[in-house]
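Keep in mind that this is a model prediction, so the values were computed, not measured.
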Amino acid sequence: MADQEPLLRTENLCRVYSDGQVQALQNVSLRIDAGQFVAIMGPSGSGKSTLLNLLGGLDRPTSGEVYFRGQPLGAMRSLDAYRARHVGFVFQSFHLLPTLTAAENVQIPMFETVSSPAHRQERAHQLLEIVGLAHRADHLPTQLSVGERQRVAIARALANQPDLLLADEPTGNLDSHTAEQILDLFCRLHQEHRMTLVVVTHGLEVARRAECIFHICDGRLAVPPPG
């Protein structure tokens, strides 16, 4: 895969906040190939979530560039279409709407597409079946366990068949048994659907599942990794 254009590539990526007082990322250059399972590791405040936000088009760098299939994100006037068509997000806090059922929460990204209501409903139920929650489709988030809510969030992230799934500490709020189940689900998505996964974590149990690990320390890629 080294000779092919990677799915994602960054060149000298920098992100500075608070009028130059906080340099969250410094000259980060990396590549992520299609179908790869990548972990980004580092302590709190190291810049790993900032990097994830830049890869997903939730933020723009101060300098440097992110390339998706060779195309610079900086050349895009709006990143909305990039996020809607190519990226799925899974967050530590789930971000489910409490007044919507599991199936309705999964449909939310599809409202930005031309999908019919019938197709959205069918797709939502298919995705809930993939994550093992077809029997909970009509339940509200308050009626679901913490692990089930994260599964709904993963199903929602897959709604528009993204090329890239980005997860920010997806097991951070879960007990060890539930975290293991979520990791098993990520591995199954990767193996069966060849999803490109990028997971931010500070836990070795997550990183051990990945094919490639990037270590970040003080906003820089650590080479060799610490330890």
Side-chain angles (χ1 to χ4, degrees), residues 1-42 45-91 95 108-115 153-154 156-170 189-190 193-201 210-223:
M1 285 193 288
D3 295 332
Q4 301 175 356
E5 181 67 43
L7 184 72
L8 279 175
R9 177 169 56 89
T10 72
E11 284 188 0
N12 300 319
L13 210 57
C14 296
R15 185 65 174 97
V16 180
Y17 295 105
S18 303
D19 299 322
Q21 299 304 307
V22 178
Q23 193 157 11
L25 287 180
Q26 303 180 58
N27 299 315
V28 172
S29 298
L30 55 79
R31 62 176 285 152
I32 298 170
D33 292 308
Q36 221 174 4
F37 185 171
V38 172
I40 300 174
M41 293 194 70
S46 60
K48 55 188 188 298
S49 292
T50 298
L51 175 58
L52 200 76
N53 289 340
L54 294 176
L55 295 178
L58 291 173
D59 192 12
R60 290 185 183 270
T62 305
S63 62
E65 187 59 274
V66 178
Y67 296 87
F68 177 78
R69 290 178 175 156
Q71 301 300 310
L73 298 192
M76 301 179 185
R77 296 184 61 181
S78 170
L79 293 174
D80 293 345
Y82 166 69
R83 292 192 301 269
R85 295 173 188 168
H86 303 295
V87 187
F89 295 94
V90 180
F91 300 100
H95 298 310
I108 289 173
M110 291 184 272
F111 289 125
E112 301 296 322
T113 70
V114 296
S115 299
I154 293 170
R156 180 186 58 194
L158 300 174
N160 290 338
Q161 298 180 296
D163 302 286
L164 175 67
L165 186 63
L166 302 178
D168 195 350
E169 299 284 4
L189 289 170
H190 173 245
H193 302 277
R194 295 307 299 167
M195 287 290 302
T196 305
L197 304 180
V198 181
V199 180
V200 158
T201 183
E211 298 172 322
C212 174
I213 303 174
F214 293 113
H215 295 266
I216 292 187
C217 184
D218 297 328
R220 295 180 181 272
L221 283 183
V223 182

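Residues F89 and G56 share a closest heavy-atom pair of CZ-O, 3.3 Å. Heavy-atom minimum distance, G57 versus Y82: N-CE2, 3.9 Å. In this structure, P162 and G88 approach most closely via the heavy-atom pair CB-N, 3.5 Å. Closest approach of L55 and L164 over heavy atoms only: O-CD2, 4.5 Å. The two residues Q36 and C212 have their closest heavy-atom pair at NE2-CB, 3.8 Å.
In this structure, H193 and L158 have side chains that are not in contact, with every pair of non-hydrogen atoms separated by 4.5 Å or more. In this structure, the side chains of L221 and I216 come closer than 4.5 Å at one or more pairs of heavy atoms. At a threshold of 4.5 Å between non-hydrogen side-chain atoms, the residues D33 and P6 count as touching. When side chains are defined from C-beta on, V38 does not count as touching L30, because their heavy atoms never get closer than 4.5 Å. A 4.5 Å side-chain heavy-atom check between T10 and L54 finds every atom pair outside the cut-off. Using a 4.5 Å heavy-atom threshold, the side chains of V199 and P170 count as touching. Between E169 and T201 the shortest side-chain heavy-atom distance falls below 4.5 Å. You'll find the side chain of V87 stays beyond 4.5 Å of the side chain of F68, heavy atoms only.
H86 pairs in a side chain to side chain donor-acceptor pair (under 3.5 Å) with only one of the listed residues (T196, D163, N160), which is D163.
A donor-acceptor pair under 3.5 Å links the side-chain atoms of S29 to the main chain of N12, judged by distance alone. Side chain of R15 to backbone of A24: no donor-acceptor contact under 3.5 angstrom is found. Side chain of H190 to backbone of G35: a donor-acceptor contact under 3.5 angstrom is found. A distance-only check finds a donor-acceptor pair linking the side chain of E65 to the backbone of G74 [under 3.5 Å]. Listed for the S115 side chain is no donor-acceptor partner under 3.5 Å among the backbone atoms of M110.
For the atom pair R9 CZ and R69 CZ, the distance stands at 14.5 Å (nearest 0.5 Å). To the nearest 0.5 Å, atom OG of residue S49 and atom CG of residue L58 are 11.0 Å apart. With rounding to the nearest 0.5 Å, the separation of CG in L51 from CG in D168 is 10.5 Å. Atom CG of residue L25 and atom CG of residue L13 lie 6.0 Å apart, to the nearest 0.5 angstrom. Of the inter-residue distances, the one linking I40 atom CD1 with H215 atom NE2 reads 11.5 Å to the nearest 0.5 angstrom. E11 CD to S63 OG: the interatomic distance, rounded to the nearest 0.5 Å, is 12.0 Å.
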>> Apply side chain to side chain contact (heavy atoms under 4.5 Å, CB included) to residues F214 and I32 and explain how you reach the verdict.
In response: CA-CA 10 Å; F214 293 113; I32 298 170; 4.2 Å; yes
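Within a 6.0 Å sphere centred on CZ of R60, heavy atoms belonging to other residues, nucleotides or ligands number more than 12. Annotation: D218, atom CG; neighbour count of heavy atoms from other residues, nucleotides and ligands within 6.0 Å does not exceed 12.
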